[in-house]
Amino acid sequence: MPRPFVLSTEVSDAIAARRPVVALESTIISHGLPRPRNHDAALEFESILRDAGVTPATIAVLDGVARVGLDSDGVRRIAEEPLAKASVRDLPIIAAAGLSAATTVAATSHLASLAGIRVFATGGLGGVHRGASSSFDESADLSTLAVTPVTVVSAGVKSVLDIAATLERLESLSVPVVGFGTTTFPSFWLRESTFTLDWSVDDAAQVAGIMRAHDALGNRQGIVVANPIPLHEQWDPAEHDRVLTEALALADAEGITGKAVTPFLLLKIVELSGGRSLEVNLDLARNNVRVAARIATEWAALNA
Ligand code: PSU
Ligand code: MN
């Protein structure tokens, strides 16, 4: 059996030399964005990091090996192959069976942390689903962040989720949440939600300082950096509300449950919005990658 956990040479060299590294997830590529734009997006996120002097570590399981840092064929595979969606609990099963899978925020954070990577950029975090009080559908992204010391830059959580309940759970799980240049929690495609944050930071250096204090205090949770999409790039709120209502009703009517819910809603929303939600999704993800690059650079400087 091959070793089930491997770092690319590029990533392991960067970590050894304490150069900045940012982890990127594969579920957003495999299950969150439609083909063929997903392949362009995966390559673009990596090149945004490289242009900023940061090593990208896209993470996925390929043929039973959890890989931190993919080569160009690996990136192509996560975009083109019909892969399973792996959260932390799926990793050992997929590895032992020699299968391939895209990793969620939870599984990506777990593997990044195992590799010694401290900063991770994604689109939106998973969270508590609407109706969770009866379905118990809460993303393992939350419980994983409670025990995984990775700073995750996201545009908040998708408005298809129960944002209030998600913020409550992050509080219960003692996961710090800071707004990046805002005191309002963003809602993915929109710059704002109706929820206010206790804390905000103005720049990446402040986040690195929080990470250092977090470590010194013996905290082992992740840190959520909530980075809102710029106002001029956000989705039209009225169209957003209309499409969201329609997509949620369709998921309900079609009886979509479990891990199929998030991919179903994301792709349905792209369809119902005539592609508009996709452009916004890409813009907010690029924006998160840029901020993550700055945080990783400040973190590397603090630890040089
Ligand atoms: N946010 C996005 N696109 C995505 C996801 C989140 O912008 O594809 C994915 C992430 O991988 C996240 C997962 O970890 O959805 C959450 O799925 P679930 O709700 O089944 O835990
Ligand atoms: Mn779920």
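Values in this document were obtained by computation on a predicted structure and should not be read as measured data. Whatever order the structure lists them in is the order used to number ligands and atoms, beginning at 1.
- Both L197 and F188 are members of a single hydrophobic cluster when ILVMFWY side chains are connected at heavy-atom separations under 4.5 Å.
- Among all protein heavy atoms, the one lying closest to atom 17 (O) of ligand 1 is K85 NZ, 3.1 Å.
- Remark: minimum distance from atom 9 (C) of ligand 1 to any protein heavy atom is reached at T27 CG2, 3.9 Å.
- Looking from atom 15 (O) of ligand 1 to the surrounding protein, the closest heavy atom is T262 CG2, 3.4 Å.
- With a cut-off of 2.8 Å, the protein N/O/S atoms near the Mn ion (ligand 2) add up to 1.
- When only interatomic distances are considered, the shortest N/O to N/O separation between E25 and ligand 1 falls below 3.5 Å.
- Two different hydrophobic clusters hold I117 and V54 under the rule that ILVMFWY side chains link at heavy-atom gaps under 4.5 Å.
- Residue contacts with ligand 1: T103 is placed with no nitrogen or oxygen under 3.5 Å of a nitrogen or oxygen of the ligand (distance criterion only).
- One N or O on the side chain of N288 and one on the backbone of T122 form a donor-acceptor pair closer than 3.5 Å.
- Residues passing the ring pair (Phe, Tyr, Trp, His ring centres under 6.0 Å) test with W235, sequence neighbours excluded: W189, H240.
- Each salt bridge (Lys or Arg N to Asp or Glu O under 4.0 Å) pair with one or both residues in residues 87-100, not counting sequence neighbours, appears once here: D90-K259.
- Nearest protein neighbour of atom 21 (O) of ligand 1, counting heavy atoms only, is S139 OG, 2.7 Å.
- For ligand 1, the polar-atom distance check finds no N/O of L266 at less than 3.5 Å from any of the ligand's N/O atoms.
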Next on the checklist: For S26 and T103: C-alpha separation, side-chain torsions, deciding distance, then whether side-chain hydrogen bond (donor to acceptor under 3.5 Å, both in side chains) applies.
Outcome noted: CA-CA 5 Å; S26 42; T103 50; 3.1 Å; yes
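- The shortest N or O to N or O distance between G124 and ligand 1 is below 3.5 Å.
- Residue R212 places its CZ atom among 12 or fewer non-hydrogen atoms of other residues, nucleotides or ligands, all under 6.0 Å distant.
- Across the listed options H129, K259, H31, K158, K158 owns the non-hydrogen atom lying nearest to atom 5 (C) of ligand 1.
- Taking every non-hydrogen atom of T104 and a distance limit under 4.0 Å, the qualifying atoms of ligand 1 come out as 11 (O), 14 (O).
- Of the charged side-chain nitrogens involved, none lies within less than 4.0 Å of a carboxylate oxygen, so that R37 and E44 do not count as a salt-bridged pair.
- At least one N or O atom of D141, backbone or side chain, sits closer than 3.5 Å to an N or O atom of ligand 1.
- Salt-bridge annotation for R169 and E138: present, with a side-chain N of the basic residue lying under 4.0 Å from a carboxylate O of the acidic one.
- If you check which protein heavy atom lies closest to atom 7 (O) of ligand 1, you get F188 CZ, 2.9 Å.
- For the atom pair CG of L190 and OG of S159, the computed distance is 5.5 Å after rounding to the nearest 0.5 Å.
- Heavy atoms only, all atoms of each residue included: L24 and T108 are closest at O-CG2, 3.7 Å.
- Not counting sequence neighbours, E233 has no partner by the salt bridge (Lys or Arg N to Asp or Glu O under 4.0 Å) test.
- Listed by number with element, the atoms of ligand 1 under 4.0 Å from a non-hydrogen atom of G32 are 8 (O).
- The number of heavy-atom neighbours closer than 6.0 Å to CZ of R50, taken from other residues, nucleotides and ligands shown, is above 12.
- Atoms of ligand 1 lying under 4.0 Å from any heavy atom of V105, numbered from 1 in the order shown and given with element: 10 (C), 11 (O), 12 (C), 14 (O).
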